[in-house]
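First listed ligand is number 1; within each ligand, the first listed atom is number 1.
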Amino acid sequence: MSQWEVRMSNSKGLPYFFNPTTKESSWDPPSGFTKEQIEQFPGAKENLGKTAPARPGQVRASHLLVKHKDSRRPSSWKEANITRTKEEAIEILRGYQAEIGGSPDKFGELAGQHSDCSSHANAGDLGWFGPGQMQKPFEDATFALDVGKISDVVSTESGVHLILRTG
Ligand SMILES: O=C(N[C@H](Cc1nc2ccccc2[nH]1)C(=O)O)c1cc2ccccc2s1
């Protein structure tokens, strides 16, 4: 059985099927496999269950966070002790914003490399969340975005963020 994988499309926030051997990709499960076999594909567990909101009224987003010395937790996987000022953090984030343009795929790539949030390990994906779960400025900015769109700079107690709404 040629090895299919289930990957997450950042731009659509939907899982797709990819065969690294043949380089085929498809939104629909490849034919000839049982449901059980598909659920064994690499990536199926973490991606197949992610298409629909866990509950109505929830949204899904990825973000790129740049922390600063006044952040609630001025430390991250990248830097044990973050000393930059908020102004410097915004300048850095503006640089990423320019590089990303409006591209969700570029967003995920830069979030994975540069975000000071642990969600960097999953291209910045935070999963689904509803009202009251994230810091208010972050929640308001995400709910104000259309799916597939990227926010301007948003400031929370954690630092400064760019947000991509994916669901
Ligand atoms: O609060 C988190 N991480 C903080 C930084 C941070 N602060 C945030 C504030 C709003 C939204 C996301 C945020 N991430 C940290 O690493 O210091 C989260 C990480 C993750 C990872 C996966 C899914 C949700 C979350 S929420």
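- Between Phe107 and Tyr96, the ring center distance fails the sub-6.0 Å criterion.
- Between Arg73 and Asp116 there is no salt bridge, since no side-chain N of the basic residue sits under 4.0 Å from a carboxylate O of the acidic one.
- Listed as neighbours of ligand 1 are His63, Leu65, Lys67, Arg73, Cys117, Ser118, Ser119, Leu126, Met134, Gln135, Phe138, Ser158, His161, each bearing a heavy atom under 4.0 Å from the ligand.
- At a threshold of 4.0 Å, the pair Arg84-Glu79 counts as salt-bridged, since one of the basic side-chain nitrogens sits closer than that to a carboxylate oxygen.
- Of the residues listed (Arg72, Gln135, Lys67), the one engaging Ser158 in a side chain to side chain donor-acceptor pair (under 3.5 Å) is Gln135, and it is the only one.
- Residues satisfying the salt bridge (charged side-chain N to carboxylate O under 4.0 Å, His left out) criterion with Asp152, sequence neighbours excluded, are Arg94.
- Met8 has its side chain out of reach of Tyr16: every pair of non-hydrogen atoms, C-beta onward, lies at least 4.5 Å apart.
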